[in-house]
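Structure first, then comments.
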Amino acid sequence: MIKFFRHIRQNMINQNRTKKYLLYAIGEIILVVIGILIALQINNWNENKKTQRNVDTFLSSLESDLNNDLSTITEIIEVQENRLKGLKQLISLGNESKQNDIGEDNKNRQIDIGRNWTFFPVAGAYKTASGTGMIENLENDTLKSEIVNLYEYYYKRINYVGQINDERSELLEWESRKYIDNTSTTQRYDGKGLSDKDFLDQLGFVMRFTGVYVGFANKTREAIEKTIHTIKIEREEK
């Protein structure tokens, strides 16, 4: 009988030991899991901080690019608007047979029609960000949309329109050589050019397309200004 109770007691001791080992093992596992979770959390925090620094750097570079673009396109719009005025004036003189009305004060304006400046954006920051997926890291969906829309729509459209304008202007330049008066210190169109209907038609085509270009350029400038404003707000809030 004594042996029986001793056996039961020993079994109980063994069971207690097993429970203690299990509890200890479970505790160790829990501690390991908690440690892993903490490490992952710290790693995610570090990655997020690194990503945010990269985003801040990207937005800073992009803002700089866009400020340069804004300055450039504003200057180009001014040149093209002067060109448009010159073209309208020449066509008006030709249609009204007032070729002799081109005076000294109009010389520079008339030659402005040959200044076909077109816009080429600075796309370094955007191309780098697109290649690395940085744009997808932007949390501001409005800003993300504005940036992509600016570069993938407005910039591509103004480049396309500019290319056509360049091609048409090159044709006009060749056709108009015989109508350029180089006898004075400042070039100007002579009366023969304004009496040539084909030449006036060429001027009319260029005038219409220059007007289209100016319209697109103004819309592009508005998109640039809007994106710069959104970038400033985003960077101030971070």
Side-chain angles (χ1 to χ4, degrees), residues 37-85 87 115-170 205-238:
L37 291 175
I38 292 174
L40 288 174
Q41 189 68 26
I42 293 173
N43 184 62
N44 289 336
W45 184 82
N46 288 332
E47 286 297 321
N48 289 336
K49 292 294 290 184
K50 181 180 178 181
T51 298
Q52 188 57 51
R53 285 196 298 270
N54 291 337
V55 168
D56 290 341
T57 301
F58 160 60
L59 290 179
S60 176
S61 298
L62 186 66
E63 185 178 357
S64 177
D65 285 355
L66 292 181
N67 279 318
N68 287 331
D69 285 346
L70 182 61
S71 176
T72 300
I73 201 169
T74 298
E75 184 177 3
I76 287 172
I77 288 172
E78 182 179 353
V79 169
Q80 291 287 10
E81 285 178 340
N82 287 334
R83 186 185 195 214
L84 191 60
K85 290 177 183 177
L87 285 165
R115 299 176 65 198
N116 184 42
W117 290 9
T118 50
F119 175 66
F120 293 94
V122 180
Y126 178 76
K127 286 183 177 179
T128 299
S130 297
T132 59
M134 181 59 61
I135 294 177
E136 296 303 318
N137 291 326
L138 292 173
E139 297 177 357
N140 188 329
D141 290 335
T142 298
L143 176 58
K144 185 189 302 184
S145 177
E146 287 181 6
I147 292 172
V148 173
N149 199 37
L150 176 63
Y151 281 89
E152 298 299 331
Y153 174 67
Y154 284 101
Y155 278 2
K156 286 187 177 181
R157 184 177 66 171
I158 195 68
N159 283 341
Y160 174 72
V161 176
Q163 182 180 357
I164 296 177
N165 211 16
D166 285 337
E167 292 171 356
R168 177 50 58 179
S169 295
E170 288 174 4
F205 183 90
V206 173
M207 180 192 71
R208 290 190 294 274
F209 215 87
T210 299
V212 171
Y213 186 84
V214 169
F216 283 148
N218 275 313
K219 290 180 180 179
T220 301
R221 177 169 62 179
E222 291 173 2
I224 293 172
E225 291 173 337
K226 183 179 180 182
T227 305
I228 290 175
H229 178 69
T230 307
I231 290 174
K232 287 183 180 296
I233 293 176
E234 177 71 9
R235 296 186 66 197
E236 288 173 357
E237 291 179 349
K238 294 298 182 181

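Hydrogens, waters and symmetry mates play no part in the numbers below; they use all other heavy atoms, side chains included.
- Counting only residues at least two apart or in different chains, side-chain hydrogen bond (donor to acceptor under 3.5 Å, both in side chains) contacts with residues 123-133 comprise Y126-E152.
- Inspection of the D56 and Q52 side chains reveals an N or O donor paired with an N or O acceptor under 3.5 Å.
- The heavy-atom pair separating L84 from M207 by the smallest distance is CD1-O, 3.2 Å.
- In summary, the aromatic rings of Y213 and F119 are positioned with their centroids too far apart to meet the 6.0 Å limit.
- Distance OH/Y154 to CD1/I158: 11.0 Å, rounded to 0.5 Å.
- At most 12 heavy atoms of other shown residues, nucleotides or ligands fall within 6.0 angstrom of atom CD in E75.
- Residues V122 and S64 form no side-chain contact, since every pair of their non-hydrogen atoms from C-beta on lies 4.5 Å or further apart.
- Side-chain contact between K144 and E139: absent, with no pair of heavy atoms (C-beta onward) separated by less than 4.5 Å.
- The aromatic rings of Y155 and Y151 lie perpendicular to each other, with more than 60° between the two planes, well past the 30° mark.
- Panel note: side chain T57, backbone R53; a donor-acceptor pair is recorded below 3.5 Å.
- Distance check, rounded to the nearest 0.5 Å: CD1 of I231 to CD of E234 gives 9.5 Å.
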Would L59 and L138 satisfy side chain to side chain contact (heavy atoms under 4.5 Å, CB included), going step by step from the backbone distance to the final call?
-> CA-CA 10 Å; L59 290 179; L138 292 173; 4.1 Å; yes
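- In this structure, T210 OG1 and L87 CG are separated by 5.5 Å, a value rounded to the nearest 0.5 Å.
- One finds the CD atom of E225 at 5.0 Å from the CG atom of L70 (value rounded to the nearest 0.5 Å).
- In this structure, NE2 in H229 is found 14.0 Å from CG in L66, a value given to the nearest 0.5 Å.
- Partners of Y153 under the side chain to side chain contact (heavy atoms under 4.5 Å, CB included) rule, at least two apart in sequence or in another chain, are N149, R157.
- If you run side chain to side chain contact (heavy atoms under 4.5 Å, CB included) between N67 and each of I228, T72, L62, only I228 comes through.
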Test side chain to side chain contact (heavy atoms under 4.5 Å, CB included) applied to N82 and E78, step by step | CA-CA 6 Å; N82 287 334; E78 182 179 353; 4.1 Å; yes
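- Rounded to the nearest 0.5 angstrom, I224 CD1 and D69 CG are separated by 5.0 Å.
- In this structure, the side chain to side chain contact (heavy atoms under 4.5 Å, CB included) partners of E81, at least two apart in sequence or on a different chain, are I77, V214, N218.
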N54 and N137: side chain to side chain contact (heavy atoms under 4.5 Å, CB included), yes or no, with the steps?
-> CA-CA 9 Å; N54 291 337; N137 291 326; over 6 Å; no
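- When all heavy atoms are compared, the tightest approach of F58 to A125 is CE1-O, 3.6 Å.
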